[in-house]
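Quick notes on the structure that follows.
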Amino acid sequence: MMKNMNDSKSVRRPLVADHIKDLPKSGIRAFFDLVNTMDDVISLGVGEPDFTTPWTIRESGIFSLEKGHTSYTSNLGTIALRREICDYVASDYHVQYSPENECIVTVGVSEALDIAIRALVNPGDEVIYTEPCFVSYPAEVRMAHGVPVPVETYAKDGFALDPEVLRSKITPRSRVLLLNFPCNPTGAVMSQEGLEKIAEIAIENDLVVITDEIYSELTYEGTHVSIASLPGMRDRTIFLHGFSKAFAMTGWRVGYACGPHEIIDAMMKVHQYAIMCASTTAQEAALEALRNGRRAMNEMRESYRERRNLMVAGFNRIGLDCLMPKGAFYTFPSIASTGLSSTEFAEELLRAERVAVVPGPAFGACGEGFVRCCYASSAEDIIEAIERIGRFVASLKRR
Ligand code: PMP
């Protein structure tokens, strides 16, 4: 019999690097593997728009292929898209970047985040980030051999970052502060005054700030302010943004980073060797999104706003305390009054009533006592889900 060349017994070293072996798999994924085995589930779990990409944007992607635009672009992305991005960031976020060397088009904000962290972090450097947070943050830091340092945010502050709590986390190894407002999973935003205090701390401690503003167009109250626009911040900030949420383009995989030339140049090296360039088709579609997508984007935001109001009112009616989130498309109700842990709540709710929500600790330990619910679902599904959750909560009281 032929010897199997892949027989693992012939390999004497561990097959996988220690820091990757120790990395936990996303808590969301495990839970949704279970959801996918069940029928008739209303899922409030996924974090993506329920809209199809607006037609003119899709058409631009199709037209790009029809024209035969099937080659690589410049590593940084097409100059036409970079110009449009820099105009958009200047007009809506009040920060000026040069399309020639201060902007890079990436494979979603996911890649922008990865190359930003890899470009900035030396082994052992501490990266401070707010928790509860997007599941990728601590993992990205670990993959770059950095040390993740969560800074908790609390319901009493509307999940905004308290400058004094941030201050208490700073050490001589602190290198990067990673922010995400509006926030996944809490929907929290930061006021200008709040951001000014954070900026002061960043300058005082010579931190580089990575600001992930992927949900910024989905701001329902007040005006979104970017920390990059505050005095003294532009040259120590990397601004990350993309098309996935505001333009309903998750599957196109296109995002970008803007920042001072020196950092973008370093990110470009990682990008060049790992990725080459973002998809040409997606870049041409993204160009159309920025040129002509604003009306569709505003319509989608207004639709999310209605569904947000519907969901928050529903939770409070059935006795689960829920803050009114000011941005993104998630609510983060407290389930503490039920006496169950977040994971027990999510699993029992799924079995009893077939509604899927994400346990808060998937976004960090301080998410215990909460669950994340995405309202990018139809109004009918939201109404039905609230009814089912209400029935489940009432049944717990009879136990
Ligand atoms: N940042 C945050 C806060 C997110 O919630 C997500 C997606 N859920 C991303 C980044 C990644 O988005 P993209 O599709 O642009 O890679």
Side-chain angles (χ1 to χ4, degrees), residues 26-29 31-32 43-51 53 57 77 81 85 88 104-117 127 129-141 143 148 150 153 159 161 176-190 209-219 224 226-227 238-258 267 271 274-275 278-279 282-283 285-286 289-290 293 297 304 325-332 358 360 362-364 367 372-377:
S26 158
I28 304 188
R29 197 60 47 241
F31 185 68
F32 281 89
S43 178
L44 306 178
V46 290
E48 65 178 322
D50 62 338
F51 294 104
T53 307
I57 301 175
L81 179 56
I85 288 170
Y88 183 70
I104 181 166
V105 180
T106 56
V107 180
V109 173
S110 302
E111 192 226 337
L113 178 69
D114 182 58
I115 63 175
I117 291 176
V127 177
Y129 58 96
T130 59
E131 235 181 44
C133 69
F134 177 42
V135 292
S136 295
Y137 292 171
E140 284 288 354
V141 175
M143 288 193 286
T153 59
F159 293 104
L161 174 56
V176 176
L177 172 63
L178 169 52
L179 300 175
N180 169 226
F181 296 101
C183 173
N184 171 13
T186 62
V189 303
M190 288 288 289
V209 174
I210 301 177
T211 179
D212 173 352
E213 301 190 17
I214 191 167
Y215 293 101
S216 49
E217 291 93 344
L218 306 180
T219 297
H224 174 79
S226 174
I227 194 166
I238 310 177
F239 173 88
L240 307 186
H241 201 0
F243 298 84
S244 288
K245 313 291 173 169
F247 295 102
M249 292 180 70
T250 48
W252 295 82
R253 311 308 305 125
V254 57
Y256 52 92
C258 297
M267 289 169 64
H271 172 81
I275 304 289
S279 143
Q283 289 189 55
L290 289 181
M297 176 179 88
Y304 293 134
K326 294 190 178 143
F329 41 46
Y330 309 103
T331 61
F332 204 59
V358 187
F363 310 100
R372 189 192 77 175
C373 303
C374 177
Y375 49 84
S377 294

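Below, all heavy atoms of this structure are taken into account, side chains as well, without hydrogens, waters or symmetry copies. Each ligand, and each atom within it, is numbered from 1 in the order the structure gives.
- Nearest protein neighbour of atom 1 (N) of ligand 1, counting heavy atoms only, is D212 OD2, 2.6 Å.
- Ligand 1 is approached by Y215 to a heavy-atom distance shorter than 4.0 Å.
- The aromatic rings of Y375 and Y304 stand perpendicular to each other, their planes meeting at an angle above 60°, with 30° marking the opposite boundary.
- The shortest separation from a heavy atom of S244 to ligand 1 is under 4.0 Å, placing the residue in contact.
- Within the structure, ligand 1 lacks T250 among the residues with a heavy atom less than 4.0 angstrom away.
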Requested in this report: Go through the steps for F332 and F159 under the test side chain to side chain contact (heavy atoms under 4.5 Å, CB included), then give the verdict.
Outcome: CA-CA 10 Å; F332 204 59; F159 293 104; 3.7 Å; yes
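- Ligand 1 has at least one atom lying under 4.0 Å from a heavy atom of Y137.
- Using modelled atom types, no side-chain atom of N184 and backbone atom of F134 make a donor-acceptor pair closer than 3.5 Å.
- For ligand 1, the atoms sitting less than 4.0 Å from at least one non-hydrogen atom of N180 are 3 (C), numbered in the order shown with element in parentheses.
- Scanning the protein heavy atoms around atom 6 (C) of ligand 1, the nearest turns out to be F134 CZ, 3.5 Å.
- Using a 4.0 angstrom heavy-atom cutoff, E48 does not count as in contact with ligand 1.
- Using the six-membered ring where Trp is involved, Y129 and Y137 have ring planes that are perpendicular, over 60° apart on the 30 and 60° scheme.
- Atoms of ligand 1 lying under 4.0 Å from any heavy atom of G108, numbered from 1 in the order shown and given with element: 15 (O), 16 (O).
- Under 4.0 Å from ligand 1, heavy atoms of S110 appear from its side chain as well as its backbone.
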